[in-house]
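What you are looking at is a predicted structure, and each value in this text was computed from that prediction instead of being measured. The first residue in the sequence is number 1, and the count goes up from there.
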Amino acid sequence: MLGLLALVSASIFFGAAVYVNIAEQPARLALDDAGALAQWRPAYKRGFAMQAPLAALSALLGAAAWWTTGDLLWALGAVLMLLNWPYTLIAIMPTNRQLETTASARTRDHLVRWGRLHGVRSALGAAATAIYLIAAARAV
C-alpha cells in the first residue's frame, strides 16, 4: 500500500508539473511582460504550496515502500522525487527571486528561463512515476 500511495502522489505531482509546462506557461507567455509577471507571482506561490509537499510525501512513501519490500526501485523513485527540493533551491530559486523582487527589461527572459527550469521538475516527476509504476507492477 505504501508503494501505491507513493505512485499516486508522484503521479499527482507529475500531472501538476506538466500542466504548468504545456498549458500555464505558454498561456502566461502570450501576455505582455507585466501581465505575465503578475500572473506568475501568485501562480508560483500556489503551485509551490501544492508541489513541494507532494514531492516530500512521495519521497517519504517511496522510502517506506523500499524499507518494507527491499525493492531498490522504490528507493530510486523516492530519490528522484526528493531531488525536486535541492534542484528547486539551487537551480530555480535564483530566477524566482529575480521574478519576485523586480520587473525589468529582462522579465520575459527570466520567465522563459523559469519555464525551462521547471521542465526539469516535470521530468523528475515523470521518471519517478515511471519507476514507481514498474516497482508496483513487480510487486503484483
Side-chain angles (χ1 to χ4, degrees):
M1 182 58 95
L2 293 169
L4 292 178
L5 291 173
L7 173 60
V8 168
S9 55
S11 298
I12 295 168
F13 176 93
F14 170 59
V18 80
Y19 168 81
V20 169
N21 286 113
I22 66 170
E24 186 175 297
Q25 181 73 351
R28 177 184 301 124
L29 293 176
L31 301 171
D32 63 57
D33 291 356
L37 185 58
Q39 191 281 335
W40 178 87
R41 286 177 174 154
Y44 175 76
K45 286 180 181 162
R46 289 183 184 114
F48 179 83
M50 182 186 79
Q51 285 192 295
L54 276 172
L57 176 64
S58 181
L60 287 172
L61 289 166
W66 164 67
W67 183 259
T68 59
T69 67
D71 187 341
L72 286 175
L73 284 179
W74 293 115
L76 178 58
V79 166
L80 289 171
M81 287 305 296
L82 194 58
L83 279 175
N84 279 286
W85 276 84
Y87 175 75
T88 298
L89 293 173
I90 294 166
I92 299 178
M93 198 57 71
T95 301
N96 289 354
R97 286 192 185 111
Q98 290 172 334
L99 289 168
E100 288 170 341
T101 57
T102 185
S104 71
R106 298 202 51 219
T107 294
R108 179 145 311 258
D109 294 337
H110 293 312
L111 286 168
V112 169
R113 176 175 169 72
W114 182 89
R116 284 194 308 270
L117 292 169
H118 183 78
V120 173
R121 292 173 45 119
S122 296
L124 288 169
T129 299
I131 289 167
Y132 282 158
L133 185 59
I134 293 166
R138 288 181 6 173
V140 175

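Counting only heavy atoms from C-beta outward, the side chains of Trp74 and Trp67 never approach each other to under 4.5 Å. Looking at heavy atoms from C-beta onward, Asn96 lies in side-chain contact with Trp40 at the 4.5 angstrom threshold. Here the side chains of Gln39 and Leu31 are in contact, with some heavy-atom distance below 4.5 Å. Asn84 is listed as a side-chain neighbour of Phe13, based on a closest heavy-atom distance under 4.5 Å.
The two residues Ala64 and Leu2 have their closest heavy-atom pair at CB-CD1, 3.7 Å. Taking both residues in full, the closest heavy atoms of Ser122 and Asn21 are given as OG-OD1, 2.5 Å, listed atom of the first, atom of the second, then distance.
Follow the hydrophobic side-chain contacts under 4.5 Å out from Leu83 and you reach Val20 in the same cluster. Hydrophobic clustering (side-chain heavy atoms under 4.5 Å, transitive across Ile, Leu, Val, Met, Phe, Trp, Tyr) groups Leu5 together with Leu57. Under a hydrophobic clustering in which Ile, Leu, Val, Met, Phe, Trp and Tyr are joined whenever their side-chain heavy atoms come within less than 4.5 Å, directly or via other members, Leu61 and Met1 fall into the same cluster. Transitive grouping of hydrophobic side chains (ILVMFWY, heavy atoms separated by less than 4.5 Å) brings Val120 and Met93 into a common cluster. Each of Ile12 and Trp85 belongs to its own hydrophobic cluster when Ile, Leu, Val, Met, Phe, Trp and Tyr are linked at side-chain heavy-atom distances under 4.5 angstrom.
With hydrogens and angles ignored, the 3.5 Å screen pairs no side-chain donor or acceptor of Ser58 with any backbone N or O of Leu54. The main-chain N or O of Ala17 is found under 3.5 Å from a side-chain atom of His118 such that the two form a donor-acceptor pair. Distance alone, capped at 3.5 Å, is enough to place a donor-acceptor pair between the Thr129 side chain and the Ala10 backbone.
The line from CZ of Arg116 to CD of Gln25 is 10.0 Å long, rounded to the nearest 0.5 Å. The CG atom of Leu37 lies 9.5 Å from the CD atom of Glu100; values are rounded to the nearest 0.5 Å. Note that OH of Tyr132 is 6.5 Å distant from OG of Ser9, once rounded to the nearest 0.5 Å. Of the inter-residue distances, the one linking Ile92 atom CD1 with Leu99 atom CG reads 11.5 Å to the nearest 0.5 angstrom. Expressed to the nearest 0.5 Å, how far CG of Leu7 lies from CD1 of Ile131 amounts to 11.5 Å.
Judged by distance alone, the side chains of Thr107 and Asp33 never bring a donor and an acceptor atom under 3.5 Å apart. Side-chain contact annotation: Arg106 with Gln98, donor-acceptor N/O pair under 3.5 Å absent.
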Can Leu73 and Arg138 be said to form a side chain to side chain contact (heavy atoms under 4.5 Å, CB included), step by step? CA-CA 10 Å; Leu73 284 179; Arg138 288 181 6 173; 3.4 Å; yes
Glu24 vs Arg28, side chain to side chain contact (heavy atoms under 4.5 Å, CB included): CA-CA, chis, key distance, verdict: CA-CA 6 Å; Glu24 186 175 297; Arg28 177 184 301 124; 2.4 Å; yes
Stepwise side chain to side chain contact (heavy atoms under 4.5 Å, CB included) test for Tyr87 and Leu117: CA-CA 9 Å; Tyr87 175 75; Leu117 292 169; 3.4 Å; yes
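With Trp66 as reference, Leu72 is the one residue of Leu72, Leu76, Asp71 to meet the side chain to side chain contact (heavy atoms under 4.5 Å, CB included) rule.
Within 6.0 Å of CZ in Arg108 there are more than 12 heavy atoms belonging to other residues, nucleotides or ligands. For Arg41, the CZ atom counts as densely surrounded, since its 6.0 Å shell holds more than 12 non-hydrogen atoms of other residues, nucleotides or ligands.
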